[in-house]
2 protein chains.
Amino acid sequence: MTTTPADSPRRTADVYATLCPARDVLDVLSGKWSALVIGALEEGPRRFTSLQHRLQGVSPKVLTRTLRRLEDYGFITRTVIAQVPVRVDYALTDLGRGAAAPLAHLRHWVETNTRIG
Amino acid sequence: MTTTPADSPRRTADVYATLCPARDVLDVLSGKWSALVIGALEEGPRRFTSLQHRLQGVSPKVLTRTLRRLEDYGFITRTVIAQVPVRVDYALTDLGRGAAAPLAHLRHWVETNTRIG
DNA sequence: CAGTATCCAAAAGGATACTG
DNA sequence: CAGTATCCTTTTGGATACTG
């Protein structure tokens, strides 16, 4: 786990280590809305307002921050289409699609294992 | 996944709904240390100090709060063994073991997909 | 439409010292 | 050993009003 093959672009991280950057990534994905945004984008690109409606209860400020952070970490793209009014599409990157899979499992597990009522 | 067998005690939740209790559960699992604690307990019960060492950088106050919350939600048990000095074991419940699976996938994905360096 | 700006409250995180 | 208690900082969340 501390060895790095010369031909590999990746090393294995340890989320239990204090300074491991993987922990930052885990933190980003652990935000209140991050997993929900990524899940919403699994079906295809969405616009800001569309996401806002899908994520019941999110305020524009918080949604913006969530989107920016996901963009900074390379999970989603933000595409501005110059028209009037302006149109902005958010979509998953390959990395985002990769993260979407385990997150979907987690969401599904939570949905089926949470007692309602 | 949206069907519920008549003999099942569970209904399907929707984490996208504002008032869905599943969202609380997702939030608990999304805490900075929750997924790490659950992962640490997958190998077997651990004591407070053992967890503290495994989760590099966690303070006793924060660890306590994390453990209490996981206990409240039924993911872990806290067992006090009356001896001197007192011994306290934390262990996963069945629910906790269930949650551990998708969380392990997520951790593993993060560890292998986070660029280090 | 897709955000910003502002203000605020609450939660989370953390360092450190102390205790049954 | 397994926490509490205290104090503090940072982060997060949120309501609302406004703008190019």
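Chain identifiers are assigned alphabetically (A, B, ...) following the order of the sequence lines, protein sequences preceding nucleic acid strands; residue numbering begins at 1 within each chain.
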What nucleotide, of [options], holds the atom closest to the side chain of [X]?
{"X": "B:T64", "options": "C:dG13, D:dT4, D:dA2", "answer": "D:dT4"}
{"X": "B:F48", "options": "C:dG14, C:dA2, D:dA2", "answer": "D:dA2"}
{"X": "B:R69", "options": "C:dA2, C:dA12, D:dA2", "answer": "C:dA12"}
{"X": "B:R47", "options": "D:dA2, C:dA2, D:dG3", "answer": "D:dA2"}
{"X": "B:P60", "options": "C:dG3, D:dC1, C:dA17", "answer": "C:dA17"}
{"X": "B:R68", "options": "D:dT4, D:dA2, D:dG20", "answer": "D:dT4"}
{"X": "B:S59", "options": "D:dT16, C:dA2, C:dG14", "answer": "C:dG14"}
{"X": "A:T49", "options": "C:dA2, D:dC1, C:dG14", "answer": "C:dA2"}

Salt bridge present between B:R97 and B:D94 (N-O < 4.0 angstrom):
yes
Is the closest basic N to carboxylate O distance between B:E42 and B:R107 below 4.0 Å?
yes
Given atom [atom1] of [X] and atom [atom2] of [N], what is their separation to the nearest angstrom?
{"X": "B:R78", "N": "D:dA2", "atom1": "CZ", "atom2": "P", "answer": "10 Å"}
{"X": "B:L51", "N": "D:dC1", "atom1": "CG", "atom2": "C1'", "answer": "13 Å"}
{"X": "B:Q52", "N": "D:dC1", "atom1": "CD", "atom2": "C1'", "answer": "10 Å"}
{"X": "B:E71", "N": "D:dA2", "atom1": "CD", "atom2": "P", "answer": "15 Å"}
{"X": "A:L67", "N": "C:dG3", "atom1": "CG", "atom2": "P", "answer": "7 Å"}
{"X": "A:K32", "N": "C:dG13", "atom1": "NZ", "atom2": "C1'", "answer": "18 Å"}
{"X": "A:D27", "N": "D:dT12", "atom1": "CG", "atom2": "C1'", "answer": "13 Å"}
{"X": "B:I76", "N": "D:dA2", "atom1": "CD1", "atom2": "P", "answer": "14 Å"}

Pick base, sugar-phosphate or nothing for B:V62, based on heavy-atom distances below 4.0 Å to the nucleic acid.
base
Exercise: do B:R78 and B:Y90 side chains pair donor with acceptor under 3.5 Å:
yes
Should B:Y90 be listed as having a side-chain N or O under 4.0 Å from OP1 or OP2 of D:dG3?
yes
Ignoring hydrogens, what is the shortest heavy-atom contact between B:A99 and A:W109? Give both atom names and the distance.
N-CZ2, 3.3 Å
Assuming nearest nucleotide by heavy-atom distance, tell me which of A:R65 and A:V86 is located more 5' along DNA chain D.
A:R65
Across all strands, who's sitting opposite C:dA11 as a Watson-Crick or G-U wobble pair, both distances under 3.5 Å?
D:dT10
What is the pairing partner of C:dG20, taking Watson-Crick or G-U wobble pairs with both distances under 3.5 Å in any strand?
D:dC1
Tell me whether A:I76 is reachable from A:V80 by hopping between hydrophobic residues (I, L, V, M, F, W, Y) whose side-chain heavy atoms are closer than 4.5 Å.
yes
A:L51 pairs by side chain to side chain contact (heavy atoms under 4.5 Å, CB included) with which of A:L41, A:T66, A:V58, A:L36?
A:L41
Within the modelled atom types, does a donor on one side and an acceptor on the other bring the side chain of B:K61 and the base of D:dG3 under 3.5 Å apart?
no
